[in-house]
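First up is the structure itself, then whatever we jot down about it.
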Amino acid sequence: MNVDEPQTWPASLAEAVDLQLSLRRLVKLGGRIADPVRTVLGLDVTYDDSSSRIAAAAVVLKADDFTILEEYVVTGTVSFPYVPGLFAFRELPPLIEAMRKVSTIPDVVICDGHGVAHVRRFGLACHVGLVTGLPTIGVAKNNFVGVFSDPGPERGSRTPIRHDGEVVGYAVRTRAEVKPVFVSAGHLIEPTTAVMTVLDLSPRYRIPEPVRHADQLSRRALRS
DNA sequence: GCGACAG
DNA sequence: ATCTTGTCGC
């Protein structure tokens with residue numbers, strides 16, 4: 001895959017915030033993604049804070065049967081502190097390296113974290129969308145900004161996440177009776193399409209298959 | 001001011 | 001994120 005090198009890399013937290021405020025103007029919500037979706041790229045990162053080690057995984061799946069087409073993992077060293085709202089700067093360097101190994105141009109990219117459901121409307125999934133030019137979706141295990149009511153217990157149930165008077169994402173029940181995931185658009189996709197896509201990619205477990213595989217791969221890589 | 005805070 | 005296997009229950 002072609003992945004743009006982030007032109008400017010922040011040297012301070014304040015610069016990182018400024019960069020987000022600048023880049024967020026380039027985010028496009030909406031548009032049509034491939035229908036049907038044929039290939040999906042899942043991304044995840046695992047850390048070991050004690051050793052400052054980090055592993056980023058990129059896994060390409062066939063969307064109809066979840067067959068693994070490609071999988072790569074890159075290990076490195078943490079280069080940015082964990083600051084809520086800025087963790088794209090922590091995860092992006094190894095993720096870009098991993099994505100560059102991918103041959104397939106996926107129809108959509110699923111990121112482990114938020115998209116526009118973010119303090120500055122520019123979460124990891126938005127940033128990944130800009131550097132790849134591909135449709136991206138953020139899927140987080142915990143809510144970050146805004147408020148929501150608990151969706152119904154059945155799989156497929158969803159409720160809006162409201163922040164500053166707008167809907168920034170959805171709490172989505174991907175598995176009956178299990179805590180919802182928090183879905184928001186990253187780039188080049190419509191919020192409701194993002195929700196549908198995540199449900200399609202989560203037939204059995206809470207976490208969508210692409211991210212689940214990337215999580216396992218990065219975890220294995222760091223434990224060896 | 002206080003608490004909360006994606007991974 | 002991480003410390004952590006098997007086990008109980010729908």
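Quick note on labels: first sequence line is chain A, next is B, and so on, each numbered from 1.
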Walk along nucleotides 5-10 of chain C from 5' to 3' and tag each nucleotide B, S or - by protein heavy-atom contact under 4.0 Å, base first, then sugar-phosphate.
------
Looking at I105(A), I want to see if its CD1 is surrounded by more than 12 non-hydrogen atoms of other residues, nucleotides or ligands under 6.0 Å.
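For I105(A), atom CD1 is not crowded (no more than 12 foreign heavy atoms under 6.0 Å).
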If you count the non-hydrogen atoms of other residues, nucleotides and ligands that lie under 6.0 Å from NZ in K179(A), is the total more than 12?
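Counting neighbours around NZ of K179(A), more than 12 heavy atoms of other residues, nucleotides or ligands fall under 6.0 Å, so yes.
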Can a cation-pi geometry be assigned to R212(A) and F66(A), taking NZ or CZ under 6.0 Å from the six-membered ring centre and within 45° of the ring axis?
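No cation-pi geometry.
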SB check [X] [Y] (cutoff 4.0 Å):
{"X": "D215(A)", "Y": "K141(A)", "result": "no"}
{"X": "E97(A)", "Y": "R100(A)", "result": "no"}
{"X": "D150(A)", "Y": "R173(A)", "result": "yes"}
{"X": "R223(A)", "Y": "D48(A)", "result": "no"}

Considering all heavy atoms, the nearest L21(A)-R24(A) contact:
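For L21(A) versus R24(A), the nearest heavy atoms are O-CG, 3.3 Å.
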Closest heavy-atom contact between A56(A) and A98(A)?
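Where A56(A) meets A98(A) most closely, the heavy atoms are O-CB, 4.0 Å.
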Without decimals, in angstroms, what is the distance between [X] [atom1] and [N] [atom2]?
{"X": "L95(A)", "N": "dA1(C)", "atom1": "CG", "atom2": "C1'", "value": "14 Å"}
{"X": "R90(A)", "N": "dT2(C)", "atom1": "CZ", "atom2": "P", "value": "11 Å"}
{"X": "E91(A)", "N": "dA1(C)", "atom1": "CD", "atom2": "P", "value": "10 Å"}
{"X": "L222(A)", "N": "dA1(C)", "atom1": "CG", "atom2": "C1'", "value": "10 Å"}
{"X": "Y47(A)", "N": "dC3(C)", "atom1": "OH", "atom2": "C1'", "value": "18 Å"}
{"X": "I207(A)", "N": "dG7(B)", "atom1": "CD1", "atom2": "C1'", "value": "12 Å"}

Interface polar pairs with nucleotides 4-6 of chain B, N/O, under 3.5 angstrom:
from	atom 1	to	atom 2	distance (Å)
dA6(B)	OP2	Y82(A)	OH	2.4
dA6(B)	N7	G85(A)	N	3.0
dA6(B)	N6	G85(A)	O	3.1
dA6(B)	N6	H118(A)	NE2	3.0
dA6(B)	N1	L124(A)	N	3.2
dA6(B)	N3	H114(A)	N	3.0

Sub-6.0 Å ring centroid separation between F89(A) and H127(A)
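Ring centroids of F89(A) and H127(A) are less than 6.0 Å from each other.
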Watson-Crick or G-U stems involving DNA chain B, each at least 3 pairs long, distances under 3.5 Å, ordered by first number:
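In DNA chain B, stems of three or more pairs: none.
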At under 4.0 Å between heavy atoms, what does R53(A) touch on the DNA or RNA strands: base, sugar-phosphate, or nothing?
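Answer is nothing: R53(A) stays at 4.0 Å or more from every strand.
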Do the side chains of P106(A) and L134(A) get nearer than 4.5 Å, heavy atoms only?
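They are in side-chain contact.
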